[in-house]
Amino acid sequence: MIILGIESSCDDTAVALYRPGLAEPFCEVVSRQYQIHDPYGGVVPELASRSHLEAIPNITRELLKKADVKMSDVNLIAATNGPGLTGALIVGLTFAKGLALSARKPFVPVNHIEAHMFAATAENEVEYPFLALVISGGHTLLAIVRDTDDYEIIGRTRDDAAGEALDKGAKILGLPMPGGLNLALRAEKGQRGTPDGTRFPRAYLKPSFDFSFSGVKTALLYHVQKNPPKTEEALCNVAADYVEAIMDVLVKKTIKAAREFKVKTIVVGGGVSSNSRLREMFKNRVRGGKDAIKVIFPSLPLCTDNARMIAARGRQVFEKKGPGDLGADVFSTFVN
Ligand code: KG4
Ligand code: ZN
């Protein structure tokens, strides 16, 4: 089976082919836009839509050529229909529907958050139920996942998402887009617990499994206003303390939820799951624990926005529900 996945929910246009069972099941072409948006300090929706429109036919052609696959060999077309920027989503979804109609292929709309939630299952044998931690730019949530079509959200952010706090933190520190990644790279070089930084606050919101990251972001703003980092080294040190505070909450709350709900497997997904410190902290915390919790991360190309996970999730949706409706519309907000 060959699945074509199409992703255009924010500022990356991505198309991928998924061939389950092959040693290298994915082939992908991505067109990134951050250079277009960087002068404005954030994603400009109108520019994003226009850029998707320009990129999508070209990268699809490039993908088929790269993989040596003809459109007639594709068995299923999957495209993100939300949540995301409305105009950006319309471009990818409409392109996918047009392709499905003209090539007479079945089509499925894919929920972007669910694609992050199940991304690691495309590459790993994962036992159900598992606890999913989805940490993207706009969403932070914990869910008990019982099957590919059965999950229950047990916690979500009450304000900023973890990724958003990293992006806004990058802005506070004067770093260019992609902010979260640039901040994380500085944090990797920095040292925690130096006089340049501070112990940033952690919001645990006990006993709920909800999150809050707006306080830590404000604490960074005040800290930097009072102690502007004068050297690159000082900036890296502040970044290290900031990243530590965010990851600390994510890791502790997730492990606590796994214990409380008696789930043995944690599956992480979303852009923030590519963070090296987060991976290290999870490993350190579950190592040697008597309840033997296993933490599974997607490989890096499946963490940040990508079309591989859209194709893989498209397959799961198709297996449970069959072909989707060509009348499916886009949606901007994740409601569950
Ligand atoms: O899943 P994603 O690519 O897009 C959304 O669906 O939003 O997640 C984007 C988020 C951004 O907020 C960015 O700050 C974060 O992922 N991110 C990272 C890293 N790379 C991207 N956060 C921490 N460490 C990274 N290496
Ligand atoms: Zn995403």
Side-chain angles (χ1 to χ4, degrees), residues 5-14 16 28 30 32-34 37-38 41-43 45 48 79-85 88-89 92 110-120 132-141 156-157 160-173 175-190 211 213-214 216-217 220 236 239-240 242-251 268-282 297-310 312-313 331-334:
I6 299 175
E7 158 61 34
S8 71
S9 66
C10 191
D11 58 346
D12 291 325
T13 327
E28 182 170 30
V30 187
R32 303 209 186 273
Q33 302 179 6
Y34 56 84
H37 302 289
D38 190 44
V43 177
T80 309
N81 73 324
L85 302 171
L89 288 163
V110 166
N111 180 311
H112 183 94
I113 300 302
E114 291 177 3
H116 277 307
M117 188 180 286
F118 291 95
L133 169 67
V134 178
I135 28 181
S136 67
H139 298 82
T140 299
L141 58 88
R156 57 174 86 220
T157 185
D160 288 347
E164 198 174 351
L166 292 167
D167 292 332
K168 289 177 177 169
K171 228 172 165 179
I172 291 169
L173 290 169
L175 300 173
M177 287 174 76
L181 173 62
N182 284 325
L183 179 70
L185 294 175
R186 297 303 194 292
E188 274 178 26
K189 286 195 231 155
F211 297 92
F213 293 104
S214 70
V216 66
K217 174 197 67 187
L220 175 70
C236 292
Y242 185 63
V243 166
E244 188 75 4
I246 292 173
M247 303 309 165
D248 203 15
V249 175
L250 289 171
V251 171
V268 193
V272 182
S273 68
S274 55
N275 189 268
S276 58
R277 182 64 188 145
L278 176 85
R279 290 176 178 230
E280 186 178 51
M281 286 167 92
F282 260 122
F297 289 93
S299 63
L300 292 182
L302 273 157
C303 289
T304 43
D305 283 352
N306 66 87
R308 301 173 187 219
M309 67 176 191
I310 303 302
R313 180 63 186 154
F331 61 96
S332 55
T333 321
F334 180 59

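As the structure lists them, so they are numbered: ligands from 1, and atoms in each ligand from 1. Reckoned from all heavy atoms, side chains included, excluding hydrogens, waters and symmetry mates.
Between Val30 and Asn306 the shortest side-chain heavy-atom distance does not fall below 4.5 Å.
For the side-chain contact (heavy atoms from CB on, under 4.5 Å) criterion with Ile135, the lone passing option out of Leu250, Leu166, Asn275 is Leu250.
Because the distance cut-off is set at 2.8 Å, His139 fails to qualify as a neighbour of the Zn ion (ligand 2), as none of its N, O or S atoms comes that close. Among the atoms of His116, an N, O or S atom is found under 2.8 Å from the Zn ion (ligand 2).
For ligand 1, the atoms lying closer than 4.0 Å to a non-hydrogen atom of Gly163 are 12 (O), 14 (O). The atoms of ligand 1 that sit less than 4.0 Å from any heavy atom of His112 are 6 (O). Annotation for ligand 1: atoms under 4.0 Å from non-hydrogen atoms of Thr304 are 3 (O), 21 (C). The atoms of ligand 1 that sit less than 4.0 Å from any heavy atom of Gly138 are 7 (O). Under a 4.0 Å criterion applied to the non-hydrogen atoms of Ser274, ligand 1 contributes the atoms 19 (C), 20 (N), 25 (C), 26 (N). Near Ala184, meaning under 4.0 Å from one of its heavy atoms, ligand 1 places the atoms 24 (N), 25 (C), 26 (N). Residue-ligand proximity, His116 to ligand 1, at heavy-atom distances under 4.0 Å covers atoms 1 (O), 6 (O).
Protein heavy atom at the shortest distance from atom 22 (N) of ligand 1 is Leu166 CD1, 3.4 Å. What sits closest to atom 7 (O) of ligand 1 on the protein, heavy atoms only, is Gly137 N, 2.7 Å. Looking only at protein heavy atoms, the nearest one to atom 24 (N) of ligand 1 is Asn275 ND2, 2.9 Å. Given atom 18 (C) of ligand 1, the protein heavy atom at minimum distance is Gly271 O, 3.7 Å. The protein atom (non-hydrogen) at minimum distance from atom 12 (O) of ligand 1 is Asp167 OD2, 2.6 Å.
Counting heavy atoms only, Asp305 comes closest to atom 4 (O) of ligand 1 of the residues Val243, Asp305, Val272.
Between the side chain of Asp38 and the backbone N or O of Met177, at least one donor-acceptor pair lies under 3.5 Å. Side-chain atoms of Arg279 come within 3.5 Å of backbone atoms of Ser273 as a donor-acceptor pair (strictly under, hydrogens ignored).
Nearest heavy atoms, Pro176 versus Asn182: O-ND2, 2.7 Å. Across all non-hydrogen atoms, the minimal contact from Ala48 to Val43 is CB-CG1, 4.2 Å. Closest non-hydrogen pair, Ala187 versus Val243, comes out as CB-CG2, 3.6 Å. Contact record, Thr157 with Asp160: OG1-O, 2.6 Å, taken as the closest heavy-atom pair.
In this pair, His116 and His112 present their aromatic rings perpendicular. The plane angle is above 60°, beyond the 30 to 60° band.
Nearest N/O/S atom of Asp305 with respect to the Zn ion (ligand 2) is recorded as OD1.
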